[in-house]
2 protein chains.
Amino acid sequence: MIQSRDINKAGRNTKEKILDAAERLFARVGFHAASLRAITGEAGANLAAVNYHFGSKVALLEAVFERRLLPLNEIRRTRLEAVQETARKEERRPTVAETFRAFIEPTLRFRDEGAGAREFIALVGRILSEPNETARNIFIQQMEPLFWLLFETLHTALPDLTQDLLFWRLQFAIGAMSHILRMTGKYPPLPNEIRSEKDTEALTERLIAFATAGMEAS
Amino acid sequence: MIQSRDINKAGRNTKEKILDAAERLFARVGFHAASLRAITGEAGANLAAVNYHFGSKVALLEAVFERRLLPLNEIRRTRLEAVQETARKEERRPTVAETFRAFIEPTLRFRDEGAGAREFIALVGRILSEPNETARNIFIQQMEPLFWLLFETLHTALPDLTQDLLFWRLQFAIGAMSHILRMTGKYPPLPNEIRSEKDTEALTERLIAFATAGMEAS
DNA sequence: TCATGATTAAAACAAACGTTTGAGCATAAA
DNA sequence: TTTATGCTCAAACGTTTGTTTTAATCATGA
């Protein structure tokens with residue numbers, strides 16, 4: 001009875017299968033357009049299972065976030081603090097490149113930790129541009145402390161920039177990142193002669209280089 | 001009878017009021033979430049008027065696009081071609097900065113051409129990240145030739161970049177631009193001590209500087 | 001003045017949505 | 001066995017969606 005949740009494998013599997021399917025569909029078609037019938041259908045579960053296990057659709061979205069965003073944010077927070085700590089010990093300012101690397105590398109690397117993680121990363125990019133406020137607010141709420149840690153680190157890296165200018169340039173960088181996170185597969189107008197670079201590591205380096213140069217623009 | 005559409009002022013006003021309201025609501029809540037009842041309600045028109053005047057909801061979206069996107073794209077195309085022409089006459093390569101200026105300046109300036117235009121620009125940013133394919137495809141279809149003109153101009157400006165690298169950096173820049181186009185009002189986690197820079201011209205310069213530096217990153 | 005076509009109004013349509021209900025089934029504790 | 005609990009299931013709930021229909025209203029040319 002106490003650990004019935006762990007013993008009842010059917011129940012646990014249903015809950016996780018719903019989480020997986022929701023992650024996939026939220027990322028692919030957005031929160032609003034992903035119906036509970038489509039989610040439970042893909043999960044092989046009953047329609048009522050969502051409201052039984054999670055309470056509501058938005059609670060399901062929160063659960064999808066918490067399962068992956070908390071660990072991911074923990075990694076990014078740790079790496080950002082490590083950048084600050086290292087720079088402090090070496091009595092220098094953190095560089096913009098290493099700051100962005102601490103943030104971007106774990107984010108894009110997350111894509112290679114299994115199919116579900118890849119869908120989740122696309123979901124992050126998708127939610128950042130969701131028109132629906134309830135969906136976006138859930139995400140922003142979990143993101144805001146990390147955003148300001150990133151902002152603060154960049155501020156010490158670029159002390160000559162006004163906070164106003166720094167804020168907007170960071171928004172540009174976030175826009176660039178979330179845009180490519182959203183780009184799953186056939187997204188852009190497809191170039192035929194251009195080989196689409198799927199390699200995560202190469203894309204990471206390119207994004208870091210782009211964002212760093214943009215932040216440091218004279 | 002022949003020009004009854006022009007004579008009947010009530011009808012013309014209804015059609016345009018619907019276009020205005022649709023523009024506003026599509027930008028604010030997205031295509032999917034903007035119901036025809038909300039649109040016609042805000043326009044002060046009857047629900048059936050949309051299907052009478054436009055045929056369907058997606059046709060309404062197309063009409064909203066065509067009213068403003070065609071003139072805007074014409075301006076951007078002309079300016080991009082002028083950049084190429086000027087560089088050719090002066091026997092030099094176009095610069096990245098003037099290329100981006102030709103594209104970004106008309107886009108953001110469009111915001112100051114009345115309230116409706118401002119909503120439309122937000123809509124452009126919104127549609128670029130719409131999960132709904134039908135909505136996005138309508139936009140991409142009208143955008144694609146301009147995208148490749150921009151790509152080609154940047155390619156001559158940066159001949160040392162591989163097409164693959166250029167493509168991705170341009171995607172980064174587009175992501176940055178569409179992100180701020182979407183940022184109407186209270187969008188980002190609001191900084192209190194940071195004065196939000198609303199001035200279009202200043203924002204344009206900042207975006208051009210950021211994108212240019214990113215494209216030219218070593 | 002009358003007829004005609006354009007436009008609006010109100011109502012209804014089927015479909016899809018999130019959510020709720022209550023019965024049924026399994027398993028563990030008493 | 002009996003009781004209780006966790007879970008699944010089919011069915012229905014009331015809304016809301018885009019679209020269609022039918023009748024009424026309006027402006028205009030003959």
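We name chains A, B, ... by the order of the sequence lines, and we start the count at 1 in each one. Predicted model only: the values in this text are computed from it and were never measured.
- Summarising the geometry, the separation between CG on Asn13(B) and P on dA27(D) is reported as 13 Å, rounded to the nearest angstrom.
- As judged by a 4.0 angstrom heavy-atom cut-off over every strand, Ala59(B) is placed among residues making no nucleic acid contact.
- A 6.0 Å sphere centred on CD of Glu113(A) holds more than 12 heavy atoms belonging to other residues, nucleotides or ligands.
- Nucleotide dG22(C) holds its C1' atom 13 Å from the CG atom of Asn46(A), rounded to whole Å.
- Between the CG atom of Asn51(A) and the P atom of dG18(C) there is a distance of 9 Å, given to the nearest Å.
- Atom CZ in Arg37(B) sits roughly 13 Å away from atom C1' in dA16(C) (whole-Å rounding).
- For His53(A), the listed nucleotide lying nearest its side chain is dT8(D); candidates were dT19(C), dT17(D), dT8(D).
- Tyr52(B) places its OH atom 18 Å from the P atom of dA10(C), with the value rounded to the nearest Å.
- Residues Glu66(B) and Pro71(B) approach most closely at O-CD, 3.9 Å, considering heavy atoms.
- In this structure, Thr14(A) does not reach the dC7(D) phosphate: none of its side-chain N or O atoms is under 4.0 Å from OP1 or OP2.
- Judged by a 6.0 Å distance limit and a 45° cone about the ring axis, Lys15(A) is not positioned over the six-membered ring of Tyr52(A).
- Using a 4.0 Å heavy-atom distance criterion, Ala38(A) is classed as making no nucleic acid contact.
- Between Arg101(A) and Glu205(A), at least one side-chain N (NZ, or NE/NH1/NH2) sits under 4.0 Å from a carboxylate O, which counts as a salt bridge.
- When atom types are taken as modelled, the side chain of Asn73(B) and the backbone of Gln142(B) share a donor-acceptor pair closer than 3.5 angstrom.
- Between the CD1 atom of Ile39(B) and the P atom of dT19(D) there is a distance of 11 Å, rounded to whole Å.
- For the pair Phe54(A) CZ and dG18(C) C1', the interatomic distance rounds to 16 Å; values are reported in whole Å.
- Residue Lys57(A) contributes atom NZ, which lies 12 Å from atom C1' of dT19(C) at whole-angstrom precision.
- Between Leu47(A) and Leu47(B), the residue anchored closer to the 5' end of DNA chain C is Leu47(B), taking for each the nucleotide with the nearest heavy atom.
- Close to dT16(D), at under 4.0 Å from its OP1 or OP2, lies no side-chain N or O of Ser35(B).
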